[in-house]
Amino acid sequence: MATSGNFTTSDYGGRALLFSWSINAQDIANNQTQIYWTLKGTGSKNTFHRCGPVYLDVDGERKVDGGGRFDLYGETLVASGFKWIGHDADGGKVFGASCSAAIYTAGCNVSGSGSWRLETIPRSAELTRADDFNDEQNPYMEMRNPGGFNLSVKLEAGGQDPIVSRPNIGNCSNYTFWLNEEERNRLRRACTGNSITVRYTLMTQIGGTTHYRWLDRTMHVVNSNPTFTHFEYGDVNPTTLALTKNQYTFIKNYSHAYLYVPVGNKALPNKQATMQKYRAFNQEVGYNASAEVAIQVNNIGTNILEMYAIDSRNNATKVTRNAILVDYTNIVIKNVIMQRGNGGVGQTTNLAFNGEFFNAKFGTAGIQNTIKAVSYRFKKKNESAWTNGATPLALTITNNTFKFDGLVKGNLQAEGFTMQDNFDIEITVADELYTYRYYYTLQAGKPLMALAPTKRCGYKREV
């Protein structure tokens with residue numbers, strides 16, 4: 001890039017014209033350079049040639065336009081002056097000059113030209129660095145401002161322009177946005193998730209025109225989960241409450257857990273978010289700041305109760321409470337055998353069965369679980385009417401097991417069951433919470449075949 005330059009025209013008889021220029025001033029604000037230029041004769045200072053007319057153009061402007069004839073010595077100053085040359089929008093500029101003249105002859109017989117790239121005039125400042133940041137930090141940026149212009153900066157986010165503004169920060173190479181709480185909150189409100197794109201914008205004021213440079217970065221919202229510390233709970237199943245005598249004690253797979261948030265314990269949003277809902281056991285309920293909200297979980301199988309408070313950014317805070325859980329298991333008959341007498345062909349019938357039950361209290365304050373009922377009934381196959389069995393089934397209980405083994409009355413009362421019929425048998429056991437039914441088929445008696453002396457076919461039957 002040039003700060004000065006020259007060219008010499010072609011010559012006649014050793015005589016020519018020399019055009020020279022140099023920078024006199026630069027107007028950065030108006031993006032222009034002033035040059036001082038001269039047009040002189042070359043050759044001997046002691047002799048001359050007649051010269052004229054002369055024509056000179058500088059950057060498209062006619063500076064010397066013809067004129068009369070004159071004596072041209074070496075170093076004769078033909079013309080001089082100043083010229084402002086406007087630069088391009090980017091601050092660069094190439095300008096040219098050309099000259100033609102008549103030396104000795106009446107018509108133009110010498111000429112020359114040249115072009116030069118002027119020093120670039122600094123235009124808008126350049127934004128060279130911008131940092132990601134979180135909502136508790138102060139955004140930082142760096143810039144290059146060789147023109148020394150007055151600068152302004154701003155932050156844009158979420159369609160808001162500006163969201164933070166700092167006009168007229170002067171000529172500087174870096175800047176930190178020392179955000180106040182309201183500015184931080186404006187950025188947070190613009191952020192519907194946990195991060196948002198923020199545009200750093202650098203503005204350069206030059207001669208009444210503002211030039212913009214920008215970089216996009218990310219702001220993260222941190223430490224913004226809702227404030228949520230407590231919820232209440234209780235069993236609302238009247239059947240299990242009657243057994244436990246305590247709403248905070250759950251019977252596994254039977255209690256109905258009622259989880260609720262009193263108004264005084266409602267969740268509170270942070271960092272300009274809004275509360276949306278609560279979630280527990282894959283159920284959700286909308287947030288209500290002025291009323292109790294609840295979620296009911298029927299037949300709950302765990303004592304670990306977890307509830308989440310969720311805000312508009314989908315951030316969640318979990319509260320966990322531990323209930324007392326009674327590890328109850330349903331009463332069950334595991335094995336049943338019914339056997340006719342006399343090797344399976346008799347009428348008298350023995351019933352034997354065993355099973356397991358929950359032989360404990362329903363919590364510290366609860367009642368002891370007991371087997372409340374045990375019975376049997378029967379009907380012939382393909383009939384619909386059932387008959388209650390008349391034999392009391394006195395169980396033998398050992399720890400959490402029970403059993404029965406004895407003769408039972410059937411459709412023949414104490415004689416048992418008719419030999420030729422198949423029977424459906426239903427055995428029922430029930431404790432304080434559950435009733436279990438076991439179904440069994442008593443097969444008809446099978447006769448014992450024998451050959452009589454008369455060679456007739458007969459059978460033996462126990463009566």
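By convention here, the first residue in the shown sequence is residue 1. Everything quoted here is computed from the prediction, not taken from an experiment.
Interatomic distance, OG of S173 versus CZ of R129, reported as 11.5 Å (0.5 Å rounding). The distance from the CD1 atom of I425 to the OH atom of Y439 is 12.0 Å, given to the nearest 0.5 Å. Here L241 contributes atom CG and D235 contributes atom CG; the two are 4.5 Å apart, rounded to the nearest 0.5 Å.
For the side-chain contact (heavy atoms from CB on, under 4.5 Å) criterion with D135, the lone passing option out of R184, Q272, M219 is M219. When the options M1, K93, H87 are evaluated for a side-chain contact (heavy atoms from CB on, under 4.5 Å) with E119, the one that passes is M1. Test K277, Q283, Q276 against R279 for side-chain contact (heavy atoms from CB on, under 4.5 Å) and you get one pass: K277.
Between Y36 and F82, the ring-plane angle classifies as tilted under the 30° and 60° cut-offs. Aromatic ring orientation, F95 versus W21: perpendicular (interplanar angle above 60°, classes split at 30° and 60°).
Between N253 and N299, the side chains place no donor N or O within less than 3.5 Å of an acceptor N or O (distance only, hydrogens not considered). Residues N270 and T227 bring a donor and an acceptor atom of their side chains to less than 3.5 Å of each other. For the residue pair Q368 and N359, a side-chain donor N or O sits within less than 3.5 Å of a side-chain acceptor on the partner. Looking only at atom types and distance, the side chain of T33 has a donor-acceptor partner in the side chain of Q26 under 3.5 Å away. For the residue pair N185/E183, the side-chain donor-acceptor check at 3.5 Å is not satisfied. Donor-acceptor pairing under 3.5 Å is lacking for the side chains of N237 and S255. Y140 and E142 form a side-chain donor-acceptor contact under 3.5 Å, judged by distance and modelled atom types alone. Using a 3.5 Å distance cut-off with no hydrogens or angles, the side chains of T320 and N322 do not pair a donor with an acceptor. Between the side chains of N330 and Y254, at least one donor-acceptor pair of N or O atoms lies under 3.5 Å. N150 and N171 are not linked by any side-chain donor-acceptor pair at a separation below 3.5 angstrom, with hydrogens and angles left out of the test.
R186 contributes a side-chain N or O that, together with a main-chain N or O of I163, makes up a donor-acceptor pair within less than 3.5 Å. Side-chain atoms of N303 come within 3.5 Å of backbone atoms of A323 as a donor-acceptor pair (strictly under, hydrogens ignored). Remark: side-chain polar atoms of N422 are paired, donor with acceptor, to backbone N or O of A444 under 3.5 angstrom. At least one donor-acceptor pair closer than 3.5 Å links the side chain of T349 to the backbone N or O of Q347. For the pair N225 (side chain) and A316 (backbone), a donor-acceptor distance under 3.5 Å is present. Side chain of T204 to main chain of A125: a donor-acceptor pair is present (N/O by atom type, distance under 3.5 Å, no hydrogens or angles). Although no hydrogens or angles enter the test, the distance criterion places a donor-acceptor pair under 3.5 Å between the side chain of T391 and the main chain of K409. Not a single donor-acceptor pair under 3.5 Å links the side chain of K83 to the backbone N or O of Q34. Put simply, the side chain of N31 gets close to the backbone of D88: a donor and an acceptor are under 3.5 Å apart. Side-chain N or O atoms of D132 include one that pairs as donor or acceptor with a backbone N or O of T218 at under 3.5 Å.
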Next on the checklist: The test is salt bridge (Lys or Arg N to Asp or Glu O under 4.0 Å); show your working for R321 and E306 and say whether it passes.
Outcome noted: CA-CA 7 Å; R321 299 202 65 183; E306 296 177 340; over 6 Å; no

Next on the checklist: E182 vs R189, test: salt bridge (Lys or Arg N to Asp or Glu O under 4.0 Å). Steps then yes/no.
Outcome noted: CA-CA 10 Å; E182 174 54 31; R189 283 193 292 270; 2.9 Å; yes

Next on the checklist: Please determine whether salt bridge (Lys or Arg N to Asp or Glu O under 4.0 Å) holds for the pair R144 and E126, giving the CA-CA distance in whole Å, both sets of side-chain angles, and the decisive distance to 0.1 Å.
Outcome noted: CA-CA 5 Å; R144 188 172 62 85; E126 295 295 327; 5.2 Å; no

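Salt-bridge formation is not detected for the pair E156/R199: no Lys NZ or Arg NE/NH1/NH2 atom is positioned less than 4.0 Å from an Asp or Glu carboxylate oxygen. Between D424 and R377, no side-chain nitrogen of the basic residue sits less than 4.0 Å from a carboxylate oxygen of the acidic one, so the salt-bridge criterion is not met. A salt bridge is defined here as a Lys NZ or Arg NE, NH1 or NH2 lying under 4.0 Å from an Asp or Glu carboxylate O, and K266 with E292 fails to meet this definition. Comment: E136 does not engage R188 in a salt bridge, judged by the lack of any side-chain N to carboxylate O separation of less than 4.0 angstrom. Of the charged side-chain nitrogens involved, none lies within less than 4.0 Å of a carboxylate oxygen, so that K403 and D405 do not count as a salt-bridged pair.
Ring-centre distance between F228 and Y278: below the 6.0 Å cut-off. Note: Y260 and F231 fail the aromatic proximity criterion, with ring centroids not under 6.0 Å apart. A ring-centre distance under 6.0 Å is found for Y233 and Y248. Between F362 and F358, a ring centre-to-centre spacing shorter than 6.0 Å is recorded.
Counting heavy atoms from C-beta on, the side chains of L442 and F417 come closer than 4.5 Å. Using a 4.5 Å heavy-atom cutoff, the side chains of F149 and I28 are in contact.
At most 12 heavy atoms of other shown residues, nucleotides or ligands fall within 6.0 angstrom of atom NZ in K334.
Between M275 and P269, the shortest heavy-atom distance links the atoms CG-CD, 3.5 Å.
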